[in-house]
Amino acid sequence: MTLIETVPGPARRALRAPGVRMAGLALLVAAVACADLFAGRGVTPAGVREVLLGGGDLTAEHIVLQLRLPRLLVALVAGACLGVAGLVLQSALRNPLAGPEVTGVTPGAVLGAVAATGLGLAGWESPTAVVVAACIGGFAGAGLLWLLAGRETGDPEQTAVYGVLVSAVLAGLTAVVLLVAPGELGSVVQWLIGSTEGRVWQHWNLLWPWAAFWGAAAWLLAGPLTLLRCGDEQASAAGLATGRGRGAALVCAVALTAGAVSAVGALGFVGLLVPHLALAVFGADLRITLPGAALLGATVVCGADAAAQLLSRLLATALDTDRLTLPVGALTTFVGAGLLMVVARRRADER
């Protein structure tokens with residue numbers, strides 16, 4: 001018997017209502033956001049509280065308001081982008097194994113950002129150019145997968161195999177770019193691993209309008225995506241032009257992924273696993289599940305960032321160093337890979 005089943009009937013129905021779940025998830029987002037804001041080094045939790053109340057010295061005020069706060073906001077929005085992008089991809093391709101990380105979208109976006117940086121066309125002094133380069137790379141990666149597996153998108157395993165191959169090819173090309181321009185390694189490692197370190201208001205000001213536009217576009221496609229999840233035959237019978245609907249959905253997914261990658265790099269497994277969690281919590285109605293995926297993605301990335309900062313503090317203290325920083329991408333990849341293996345093992349046992 002679950003905890004919800006022990007609650008009386010009317011209260012149980014209220015707990016199962018999507019609005020209640022959404023409100024509870026919003027509270028969870030607020031909780032992890034507070035944890036992320038207080039977890040960093042340089043200012044104690046008491047110092048952070050003092051700055052938020054209008055006090056504190058200039059150093060503490062700079063760290064909290066100019067470094068920690070934009071980092072927190074970027075983590076939230078990037079996580080939301082990846083969560084929505086993953087759900088859109090899985091729905092459009094009818095493939096539970098689809099995700100930005102394993103469909104060539106994220107590796108392509110990383111390749112675009114790295115190549116543009118290596119050629120001197122983009123950098124932190126021109127973040128708009130990073131987004132454009134990441135978009136071009138993301139579309140190229142998705143297009144390559146479509147050319148290889150476009151006729152077999154109904155087969156999840158076949159698409160996953162082609163996705164892994166495409167991702168490996170794009171990762172190899174990224175390595176070649178770094179060999180040609182080794183001096184750029186330090187400036188592009190954030191895109192290779194995924195990190196929220198050093199994010200400032202400039203990144204936030206560029207990311208949130210992009211995320212808001214493409215997130216709204218994805219939500220407007222909730223109806224067509226729901227039909228596509230039922231299969232092309234059912235969607236066509238309902239009057240949907242499946243090619244156009246799927247194409248529009250893929251454009252939204254690539255754009256959301258590119259925006260996230262250009263801001264925080266290649267955060268592993270967020271876009272792959274968050275959609276499954278969103279569907280389990282909110283059900284198959286994508287008008288509700290897409291916002292739920294955004295909140296869950298924000299929770300996962302922001303929570304991982306808080307955990308990474310806390311672990312960095314603990315490791316720095318244990319090793320007696322001030323320069324140790326654990327990238328959030330390393331944490332999401334480690335935890336995500338573990339969860340994916342557990343899910344795969346359970347499904348194998350069920351068979």
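Quick note: residue numbers are just sequence positions, from 1. Computed from a predicted structure; not experimentally measured.
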[atom2] on [Y] to [atom1] on [X], rounded to 0.5 Å:
X: Leu65; Y: Leu52; atom1: CG; atom2: CG; result: 7.0 Å
X: Thr299; Y: Leu28; atom1: OG1; atom2: CG; result: 4.5 Å
X: Ser167; Y: Tyr162; atom1: OG; atom2: OH; result: 14.5 Å
X: Arg21; Y: Leu25; atom1: CZ; atom2: CG; result: 11.0 Å
X: Thr106; Y: Leu111; atom1: OG1; atom2: CG; result: 12.5 Å
X: Leu256; Y: Leu87; atom1: CG; atom2: CG; result: 11.0 Å

Flag side-chain contact, heavy atom, 4.5 Å: [X] against [Y]:
X: Cys135; Y: Trp210; result: yes
X: Ile63; Y: Arg68; result: yes
X: Arg71; Y: Glu197; result: yes
X: Leu279; Y: Arg229; result: yes
X: Val251; Y: Phe139; result: yes
X: Val88; Y: Leu290; result: yes
X: Ile288; Y: Met22; result: yes
X: His276; Y: Pro96; result: yes

Expected output: side-chain [X] to main-chain [Y] donor-acceptor under 3.5 Å:
X: Thr289; Y: Gly292; value: no
X: His203; Y: Val200; value: yes
X: Glu101; Y: Gly271; value: yes
X: Ser236; Y: Glu233; value: no
X: Trp208; Y: Val77; value: no

Heavy-atom pair with the smallest gap, counting every atom of [X] and [Y]:
X: Val264; Y: Arg199; value: CA-NH2, 3.8 Å
X: Ala235; Y: Thr242; value: CB-CG2, 3.8 Å
X: Ala133; Y: Ala116; value: CB-CB, 3.5 Å
X: Ser195; Y: Leu267; value: N-CD2, 4.3 Å
X: Leu272; Y: Gln90; value: O-NE2, 3.1 Å
X: Val32; Y: Val29; value: CG2-O, 3.1 Å

### Task
Apply side-chain contact (heavy atoms from CB on, under 4.5 Å) to Ser91 and Leu228, showing your working.
CA-CA 7 Å; Ser91 301; Leu228 287 173; 5.9 Å; no
### Query
In the single-linkage hydrophobic clustering (I, L, V, M, F, W, Y; side-chain heavy atoms under 4.5 Å), do Leu89 and Val164 co-cluster?
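Different clusters.
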### Message
Go through it in stages, so that I can follow the logic: the residues are Phe269 and Val274, the test is side-chain contact (heavy atoms from CB on, under 4.5 Å), and I'd like the CA-CA distance, side-chain angles, deciding distance and then a yes or no.
### Response
CA-CA 8 Å; Phe269 291 95; Val274 165; over 6 Å; no
### Query
CG of Leu58: more than 12 outside heavy atoms within 6.0 angstrom?
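For Leu58, atom CG is not crowded (no more than 12 foreign heavy atoms under 6.0 Å).
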### Message
More than 12 heavy atoms of other residues, nucleotides or ligands under 6.0 Å from CH2 of Trp204: yes or no?
### Response
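Yes.
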### Query
Mind checking what makes side-chain hydrogen bond (donor to acceptor under 3.5 Å, both in side chains) contact with Thr257, not counting sequence neighbours?
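For Thr257, no residue satisfies side-chain hydrogen bond (donor to acceptor under 3.5 Å, both in side chains) once neighbours in sequence are set aside.
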### Query
Which residue pairs satisfy the side-chain hydrogen bond (donor to acceptor under 3.5 Å, both in side chains) criterion with at least one member in residues 22-39, sequence neighbours excluded?
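Qualifying pairs: Asp36-Gln309.
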### Task
Start with the C-alpha distance between Val64 and Leu69, add both sets of side-chain angles, then the distance that settles side-chain contact (heavy atoms from CB on, under 4.5 Å), and finish with yes or no.
CA-CA 6 Å; Val64 174; Leu69 188 56; 5.6 Å; no
